[in-house]
Amino acid sequence: MKVIEITDVYKIYNSSEIKVNAVNGVSLDFEEAEFAAIVGPSGSGKTTLLNLLGGLDLPTSGKILIDGTDLSLLKSSQLIDFRMRNIGFVFQAYNLIPVLTARENIEFIMNLQKMSKASREERSFELLKAVGLDDRAGSRPSKLSGGQQQRIAVARALASKPRFVLADEPTANLDSKSASTLLEIMEKLNHEEKITFIFSTHDPRVVKMAHRIITLEDGKVVSDVRTE
Amino acid sequence: MIPEIAWKNVWRNKSRSLIVITAVTIGVFAGVFTIAVMNSSVVQRIDAAVNEELSHIQVNNKEFRSSSDIKSLIPAYDKVVAEMMKAPGMQDLTGRIIIRGIASTAGRSTGVEINGINAAKEKQIFTLHEKLIPGTGDFLDTETKYNKAFIGEKLARELNIIRYSITEESLKKLKDEKLPGEISTKLIALKGERFTSDKKFSRAVEAVLLPGEYRKYIYLIKEAAWSYRPGSKIILSFIDINNNQTEAAFRVSGIFRTNNDMFEAMSVFVPEEELRQLTGIPENSYHRVIGRLKDNSLSEAASAYLKKELPGYEVMQWKEIQPDLAMLADMMQQIYGIFMGIILAALSFGIVNTMLMSVLERTREIGMLSAIGMNRNRIFSMIMLESVFLSLTGGLSGMLVSGIVIAATSKNGINLVQYSEGLEAFGYSAYLFPTIDAPFFIMTTILIVFTGILSSVYPARKALKLNPIEALRKE
Ligand SMILES: Nc1ncnc2c1ncn2[C@@H]1O[C@H](COP(=O)(O)OP(=O)(O)OP(=O)(O)O)[C@@H](O)[C@H]1O
Ligand SMILES: [Mg+2]
């Protein structure tokens with residue numbers, strides 16, 4: 001079953017003088033439980049593509065279907081709600097709410113979805129264990145290392161069991177050891193929870209762990225290989 | 001959960017929030033306390049006027065005030081009394097005979113208003129009897145074979161009934177009042193001399209003290225050197241009901257002290273019967289009937305009722321008798337308005353400025369929140385709540401501090417005795433008892449809450465305008 005289906009998507013930035021085709025006619029499908037990396041040189045359109053997939057931005061033209069829903073047909077308030085229910089996000093930095101503890105951050109979206117306290121706690125505990133930080137549940141983000149913060153961000157992204165998780169260079173600010181720990185955790189969760197992960201990266205060691213590698217150049221897909 | 005996050009966000013930048021909250025607290029306190037102090041003098045002035053001089057309602061013969069003719073008596077006194085008792089909130093009333101005259105002692109004379117009163121009844125309506133200076137006698141209470149008069153301190157001074165002298169006794173009094181020893185030593189030079197007027201005594205003291213000492217202690221020294229011989233005699237002269245010039249000796253039965261020099265200098269109170277005998281005004285005839293209501297707030301209704309029911313008379317409530325007092329009260333209202341306006345505007349600017357700073361600092365975080373599912377309403381309410389918490393914490397603590405300080409100072413008052421002579425000349429007390437009425441206090445609190453909410457709108461809207469992707473892209 002296809003989780004994401006995009007057809008002939010363009011994103012053109014028309015800022016003042018220059019016209020930039022940040023995403024230039026991309027068609028892609030993602031299945032359930034995929035573990036895909038998007039790679040390519042700087043400026044090739046990775047972030048732009050992820051933003052389109054996540055409904056943070058709308059394409060200039062083309063169709064984006066998530067579980068059969070056309071994102072361009074949603075009103076902005078519906079879109080936010082849709083994002084909250086179906087898509088998990090992990091950014092390079094500033095993922096967590098500084099005034100909340102690790103556990104509260106993980107429970108934040110479940111809280112917005114008005115899940116019961118019991119199920120929230122059960123789920124956050126399970127995820128804290130999965131990312132290996134159950135002993136840091138009560139710490140605020142500022143008391144955690146960059147790698148630990150990103151692991152909490154992954155747990156937060158997964159908390160309400162979204163259809164897929166988008167991560168734009170989640171390891172960019174991490175040393176190689178933390179980066180591989182994070183990737184291992186992501187891979188394990190991808191396997192256990194059957195949730196699709198799509199992440200962009202520059203790091204060759206991270207790329208190696210992906211099951212599918214999509215290469216962008218100048219906004220176009222130049223290769224798309226499955227490594228399993 | 002949003003309120004919880006908002007509250008925590010307020011305390012993220014502790015020092016900044018504390019500075020804003022402290023500033024708001026100080027601003028609100030300064031404003032409210034200043035108003036309470038200003039209000040104090042006005043409330044005291046009005047209370048004193050109503051309780052000592054005017055009462056709530058007066059009914060006169062229509063001609064009386066313009067002609068001040070002794071013959072302008074109230075016809076059908078009983079009917080007027082019966083009608084007045086029916087007025088809403090009427091508690092008690094009394095009649096007065098009021099004639100113009102001259103008060104004199106050897107070598108001194110001054111124009112006065114002679115009030116023939118029923119002393120027992122007056123005590124029910126006015127508090128003037130409580131203003132008797134201790135040791136000067138009583139409020140026309142003791143039966144004597146002489147005519148009696150109750151007069152103000154100012155008049156007593158003008159008639160030279162009050163003397164000043166530095167005696168062993170007054171020096172001892174000054175020592176108890178903690179007058180520095182070296183000043184007492186200087187005053188010994190004046191010992192044994194009797195000064196017949198305020199002015200002469202002041203000049204003598206001024207001559208022996210340094211200017212600074214004089215300004216600081218003259219009030220204290222005058223109080224201690226003050227002396228009066230009970231039963232001093234004054235002559236009152238006036239025209240009687242048959243147009244004959246009449247003159248009679250009165251013994252001063254007591255001296256009162258109020259905060260209104262004009263009233264003190266002008267008013268002489270004598271028993272009604274004595275004045276009737278001297279003027280020939282018949283029994284049951286008065287120039288004025290004075291009514292006291294259960295509450296000042298009923299004045300409007302009672303006067304409206306009586307104006308309708310007693311068309312042939314002049315019905316006046318205290319505000320009409322002394323329109324300057326009513327104007328004063330109105331002016332105070334306007335000053336409060338301006339004052340609070342300025343304070344609330346400052347509060348609002350402080351909050352808006354701080355919150356804008358805080359929102360702009362958190363651009364990325366707010367972008368992230370909206371990416372992961374905080375909708376516009378939630379972001380708006382989060383920022384709004386932060387502003388509201390900030391202004392409420394400051395505003396309410398300001399109100400709390402004001403409440404406490406006002407409660408503390410209103411009990412013992414703020415002493416302005418040093419400047420008291422200037423103030424009393426205008427009818428203001430030398431002690432300020434900061435007061436604020438409950439409606440004003442509640443209204444101000446509501447306005448602060450409202451201003452807090454209003455000031456939160458702009459920063460919250462600003463937060464909504466942030467574009468999440470732009471925000472997240474920013475490095
Ligand atoms: N808001 C914008 N306005 C104009 N041009 C933009 C905007 N956002 C991105 N671009 C342009 O679109 C192109 C793709 O940018 P994008 O950020 O998607 O690349 P990227 O592959 O993520 O690069 P990096 O690896 O450096 O993160 C770039 O040429 C960039 O300059
Ligand atoms: Mg990028």
Side-chain angles (χ1 to χ4, degrees), chain A residues 11 13 22 47-48 50-52 54-58 75-101 104-115 117 120 140-142 153 156-160 162 165-166 168-169 172-173, chain B residues 1-18 354-355 357-390 393 460-461 463-475:
Chain A
K11 179 72 192 181
Y13 289 111
T47 299
T48 309
L50 284 173
N51 285 346
L52 292 173
L56 294 176
D57 210 352
L58 289 174
K75 280 188 283 182
S76 75
S77 58
Q78 291 173 319
L79 191 60
I80 291 176
D81 203 55
F82 185 86
R83 277 206 301 262
M84 177 175 74
R85 292 180 193 286
N86 298 290
I87 312 172
F89 290 92
V90 178
F91 305 102
Q92 257 182 52
Y94 302 104
N95 271 298
L96 303 178
I97 300 167
V99 296
L100 299 184
T101 63
E104 288 166 341
N105 263 288
I106 295 173
E107 290 183 21
F108 180 71
I109 292 173
M110 295 189 275
N111 226 322
L112 290 183
Q113 294 180 355
K114 306 209 162 58
M115 261 188 227
K117 190 162 185 259
R120 274 188 341 238
R140 291 216 176 166
S142 56
R156 196 264 323 269
L158 286 165
S160 63
V165 171
L166 298 175
D168 190 8
E169 304 195 40
N173 296 327
Chain B
M1 181 191 41
I2 303 284
E4 191 189 326
I5 294 178
W7 177 249
K8 285 177 175 165
N9 279 337
V10 168
W11 297 106
R12 259 161 96 160
N13 194 330
K14 268 206 193 79
S15 49
R16 183 169 68 199
S17 295
L18 276 177
T354 311
M355 282 311 298
M357 245 199 288
S358 153
V359 164
L360 293 179
E361 268 172 17
R362 285 187 285 159
T363 305
R364 285 201 204 94
E365 186 184 320
I366 292 168
M368 177 272 292
L369 288 172
S370 91
I372 67 170
M374 282 263 271
N375 59 26
R376 291 166 65 85
N377 280 343
R378 285 176 174 140
I379 290 177
F380 190 84
S381 33
M382 180 179 82
I383 302 297
M384 188 143 167
L385 279 174
E386 287 178 30
S387 323
V388 168
F389 287 152
L390 208 55
T393 315
R461 285 178 64 109
L464 286 187
K465 292 225 177 80
L466 298 173
N467 178 343
I469 350 165
E470 292 295 322
L472 287 165
R473 256 182 205 277
K474 258 184 218 157
E475 275 304 312

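Residue numbering restarts at 1 for every chain, and letters A, B, ... go by the order of the sequence lines. Keep in mind that what you see is a predicted model, and the values were worked out from it rather than measured.
Inspection of the B:Asn375 and A:Ser77 side chains reveals no N or O donor paired with an N or O acceptor under 3.5 Å.
Taking the six-membered ring where the residue is Trp, A:Phe91 and A:Phe89 present parallel rings, their angle staying beneath 30° rather than reaching 60°.
Contact annotation for A:Leu79: neither backbone nor side-chain heavy atoms come within less than 4.5 Å of a heavy atom of chain B. In this structure, no portion of A:Phe82 lies under 4.5 Å from any heavy atom of chain B. Proximity to chain B is absent for every atom of A:Asp81, based on heavy atoms less than 4.5 angstrom apart. Residue A:Arg85: no heavy atom, backbone or side chain, is found under 4.5 Å from chain B. For chain A, no part of B:Arg362 is nearby; none of its heavy atoms comes within less than 4.5 Å. Interface remark: A:Leu112 contributes backbone and side-chain atoms alike to the contact with chain B (heavy atom separation under 4.5 Å). Of the two parts of A:Glu104, only the side chain, counted from C-beta on, holds a non-hydrogen atom closer than 4.5 Å to a non-hydrogen atom of chain B.
For the pair B:Trp7 and B:Thr393, the minimum side-chain heavy-atom distance is below 4.5 Å.
Put simply, CG on A:Asp168 and CG on A:Leu50 are 5.0 Å apart, with the number rounded to the nearest 0.5 Å. The CD1 atom of B:Ile366 sits 10.0 Å away from atom CD of B:Glu361, with the distance rounded to the nearest 0.5 Å.
Remark: B:Arg376 CZ is loosely packed, at most 12 non-hydrogen atoms of other residues, nucleotides or ligands lying under 6.0 Å away.
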